[in-house]
Amino acid sequence: MPAVHIHNTLTGELAEINPIAGAAGPVTFYTCGPTVYDDAHIGNFRSFLNADILRRTIELTGTPVRHVMNITDVGHMTDDTNADGAGEDKMAVAGRRLLEAKKSGKIHADVAIDANDPMAIADFYANRFLEDARLLGLKVAIEAQSDPSLMPRPTQWISQMLDMIKQLIERGHAYVASDGAVYFNVKSFADYGKLSGNTLENLREGEGGRISAQHQAAKKNPGDFMLWKPDPHHVLKWDSPYGAGYPGWHLECSAMAAGLLGAEIDIHSGGEDNIFPHHECEIAQSRCAHNKPSFARLWFHTRHLIVEGEKMSKSKGNFFTARDLFAKGVTPAALRLEITRTHYRTNANFTMQGLADCQRMIDRWSRAAEALQAKVAAGTPRLVGGDAHNSASAKNANVNANANANANANANTSANVNANANINTNACANINHNAPAGPFETALPRFTQALCEDLNMARAIAALNEAVAVEDNSACAHRELAALHKMDSVLGVLERNTQVATSGDSDFEAKVNALIEVRASARRNKDFAASDRARDELVSLGVQIKDGATGTTWTRAVRA
RNA sequence: GGCCGAGUACCCAAGUGGCCUAAGGGAACGGAUUGCAAAUCCGUGAUUCGUGGGUUCAAAUCCCACCUCGGCCUCCA
């Protein structure tokens with residue numbers, strides 16, 4: 001198995017992933033998740049899904065991963081000029097927006113939520129986020145259903161944050177300033193700036209226009225950042241030795257990563273905008289509080305997504321949320337592929353055309369999977385040795401394929417296949433070990449290699465596409481299907497290539513099915529004028545029909 | 001102003017010194033199929049890599065300048 005190599009923001013070089021826990025893993029991986037004061041947009045999801053692709057790639061090479069992603073339910077400050085201190089909590093702003101959304105009908109008025117309760121707002125959006133994330137195949141969100149600790153929320157970690165502050169003060173890295181707030185002293189940490197390439201000199205005071213003079217005056221150095229803000233009137237506050245208030249937002253990830261993964265971790269990921277200040281500050285806090293030579297060994301940052309060639313930002317309002325797109329009829333699979341297929345360190349250009357391109361690719365892969373499935377079910381593979389072929393094995397084809405996909409890391413040599421056969425004695429009963437490797441088995445090592453080289457998705461996808469274009473009946477369908485599933489274990493699209501149901505679908509479905517029946521009977525009677533009328537009507541309803549060997553199927557056409 | 005990325009066909013996008021007269025996908029066009037379509041299948045497609053110089057036997061790839069776009073410089077994935 002090739003080792004995974006990833007560009008490390010901290011060193012600027014390609015680094016091999018060598019788990020702290022040893023070669024057998026697990027790799028400890030922390031991802032900065034969303035702040036749930038609004039629905040996550042596709043740019044957010046690009047960062048989360050790239051982390052998911054990395055995690056699945058590591059798993060593809062046989063190393064388990066312990067992946068943690070926070071859901072931030074503490075409001076970060078919204079007032080730009082007071083980013084280091086006061087300002088309105090985002091949850092309070094979200095509450096107002098919720099009320100407006102209800103008024104305008106964007107959110108059903110009967111959604112029971114108290115817009116004045118920040119925790120209720122956070123819960124509301126966290127649940128919507130988790131729905132979207134699971135639809136998109138974000139593995140950590142799926143795992144969190146059985147182990148919620150994998151997606152921690154900072155409001156549950158306040159005491160650990162206070163412990164860290166205490167440590168930092170005791171070790172001389174933090175101080176209580178004249179304004180009552182606790183700050184981290186950046187001059188006490190020599191490596192401050194190493195991640196972002198910023199030197200304290202280059203961080204010219206106030207250049208971003210977001211530091212208030214009032215707070216600057218209280219700090220020892222202009223670059224010092226807040227660890228605790230006493231504010232007895234804030235919407236969210238906790239007791240502390242420094243007065244009732246709330247923690248500095250960089251602290252939450254440090255505390256949760258340490259608590260759930262360890263004081264030193266293998267990988268930490270986020271969007272490129274997290275590099276500075278968020279991750280720079282995390283490194284400073286974590287290393288100083290825990291007295292360790294490193295925090296995360298490897299920093300993985302995804303560049304931003306642009307939309308139809310233009311910059312996307314919340315303030316401009318030209319962004320899509322995942323659910324916007326699902327409502328238009330975009331499949332989760334197509335969205336997942338569209339926002340992960342471009343290399344994570346380049347700005348990806350999201351387009352509706354690109355979404356359609358991805359859909360066509362996925363549809364073709366799905367057909368290939370179905371064709372292989374059918375061959376497996378039909379017992380097509382030439383059998384070697386004994387009574388392997390029976391109906392039970394055909395019935396289990398699906399299960400078998402998945403079992404193989406998981407166990408069969410490198411199906412290139414017969415030795416490997418035999419090893420797997422021993423593991424899955426029954427499951428592999430009708431595998432033909434003597435058949436030559438088919439196109440998918442041949443593509444798998446190329447696919448894996450491409451991903452191991454800094455997640456080269458384009459090359460991995462090309463390897464798969466080239467395999468799909470080749471028909472090879474001499475290969476064992478079982479093994480071919482396993483190889484295809486193995487590739488999809490990273491891409492994660494085959495399982496979610498269906499449109500998300502919207503409310504009111506059942507009436508619509510009945511109407512569509514009726515029209516399809518009208519058209520079918522008109523065609524049987526060779527009344528083509530009538531059948532074309534029915535077809536036109538279906539098109540105007542936004543329905544796309546496909547005439548297949550077994551009848552007519554339909555999907556909602558994707559609206560622009 | 002400082003630091004950091006990127007510009008490859010109509011679109012998305014690999015390739016970072018010779019296997020490049022540039023991968024893969026989509027669009028378009030031609031063919032097969034279809035009552036006609038859609039879907040599907042097959043085929044065609046950049047002598048050229050933002051612009052101008054330079055280095056080299058050899059450049060999309062290295063160097064210099066310029067243009068354009070994006071990110072960070074204490075809200076942001």
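Computed from a predicted structure; not experimentally measured. As a basis for the values below, the full set of heavy atoms in this structure was taken, side chains included, without hydrogen atoms, waters or symmetry mates. Here is the naming used below: chain letters follow the sequence lines, and residue numbers restart at 1 for every chain.
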Between A:Lys375 and A:Glu480 (salt bridge meaning N to carboxylate O under 4.0 Å), is one present in this structure?
no

Considering every strand shown, what is the Watson-Crick or G-U wobble mate of B:rG1 when both distances are under 3.5 Å?
B:rC73

Using 30° and 60° as the class limits, which term best fits the ring planes of A:His67 and A:Phe29: parallel, tilted or perpendicular?
parallel

For the pair A:Glu272 (side chain) and A:His304 (backbone), establish whether a donor and an acceptor sit closer than 3.5 Å, ignoring hydrogens and angles.
yes

Drop me the distance from A:Trp554's CH2 to A:Leu541's CG, to the nearest 0.5 angstrom.
9.5 Å

Under 4.0 Å protein heavy-atom contact, by nucleotide of nucleotides 33-42 of chain B - B base, S sugar-phosphate only:
--BBBBSSS-

For the pair made of CG in A:Leu355 and P in B:rG25, what is the distance, rounded to whole Å?
19 Å

Integer angstrom distance from the C1' of B:rU40 to that of B:rU47:
34 Å

Sort out the partner of B:rU16 for me: Watson-Crick or G-U wobble, both distances under 3.5 Å, none otherwise.
none

So, are A:Arg519 and A:Glu537 salt-bridged, with charged N and O less than 4.0 Å apart?
no

Say we look at B:rG45 and B:rG26: how far apart would their C1' atoms be, to the nearest angstrom?
13 Å

Salt-bridge contact A:Asp532-A:Arg535 (side-chain N to carboxylate O under 4.0 Å):
yes

Nucleotide forming a Watson-Crick or wobble pair with B:rG7, both distances under 3.5 Å
B:rC67

Given 3.5 Å as the limit, does a donor-acceptor pair link the side chain of A:Asp191 with the main chain of A:Lys194, or not?
no

Interatomic distance where CZ belongs to A:Arg46 and C1' belongs to B:rG71 [whole Å]
12 Å

Please state the P separation for the pair B:rA38 and B:rA27 - nearest whole angstrom.
12 Å

Round to a whole Å and report the spacing from CD of A:Glu310 to P of B:rG70.
8 Å

Centroid separation A:Phe129 to A:Phe45 less than 6.0 Å:
yes

Before accepting this row, confirm whether a basic side-chain N of the pair A:Glu517/A:Arg524 lies closer than 4.0 Å to the acidic partner's carboxylate O.
yes

Start at the 5' end of RNA chain B and walk down; is the nucleotide closest to A:Gly43 or to A:Ile275 reached first?
A:Ile275

Say you draw a straight line from CD1 of A:Ile339 to CG of A:Asn50; how long is it, rounded to the nearest 0.5 Å?
8.0 Å

Output the single nucleotide from B:rG24, B:rA77, B:rG25 whose closest atom is nearest the side chain of A:Glu466.
B:rG24

Should the ring pair A:Phe189 and A:Phe184 be called parallel, tilted or perpendicular, given that the plane angle runs from 0 to 90° and is split at 30 and 60?
perpendicular

Hunt down the Watson-Crick or G-U wobble partner of B:rC36, both distances under 3.5 Å, from any strand shown, or write none.
none

Paired nucleotide for B:rU44 [Watson-Crick or G-U wobble; both distances under 3.5 Å]:
B:rA28

Can you classify the ring geometry of A:Phe276 versus A:Tyr192 as parallel (below 30°), tilted (30 to 60°) or perpendicular (above 60°)?
perpendicular

Send over the distance from A:Phe48 CZ to B:rA77 C1', rounded to a whole Å.
5 Å

Salt bridge present between A:Asp52 and A:Lys139 (N-O < 4.0 angstrom)
no

Taken to the nearest whole Å, NE2/A:His250 to P/B:rA77 is 13 Å

Given the P atoms of B:rU44 and B:rC12, what is the spacing between them in whole Å?
24 Å

Please produce a list of atom pairs where a protein N or O lies less than 3.5 Å from an N or O of nucleotides 30-32 of chain B.
none

If I take atom CG in residue A:Asp132 and atom C1' in nucleotide B:rA77, what distance separates them, rounded to the nearest angstrom?
15 Å

What's the gap between B:rG18 and B:rA22 when it is taken at their C1' atoms, as a whole Å value?
14 Å

Are A:Glu338 and A:Arg341 close enough for a salt bridge, meaning some N to O gap below 4.0 Å?
yes

Could you check how far CD1 of A:Ile71 sits from P of B:rA77, rounded to whole Å?
13 Å

Measuring only the C1' atom in each nucleotide, how far is B:rU16 from B:rA28? A whole number of Å is fine.
31 Å

Partner of B:rA60 under the Watson-Crick or G-U wobble criteria, both distances under 3.5 Å, comes out as none

In whole Å, measure the gap between the P atoms of B:rA13 and B:rC19 for me.
25 Å

For a quick check of understanding: with a heavy-atom distance under 4.0 Å over all strands, which category does A:Leu305 fall into, base, sugar-phosphate or nothing?
base

Scan nucleotides 6-19 of chain B nucleotide by nucleotide, 5' to 3', and note B when protein non-hydrogen atoms come under 4.0 Å of the base, S if they reach only the sugar-phosphate, - if neither.
------BSSS----

Could you state the CZ-C1' distance from A:Phe276 to B:rC72, rounded to the nearest angstrom?
9 Å

Considering only atom P, compute the distance from B:rC41 to B:rG52 and round it to an integer number of Å.
41 Å

In terms of the nearest nucleotide of RNA chain B, which residue is placed more toward the 5' end: A:Ser47 or A:Arg303?
A:Arg303

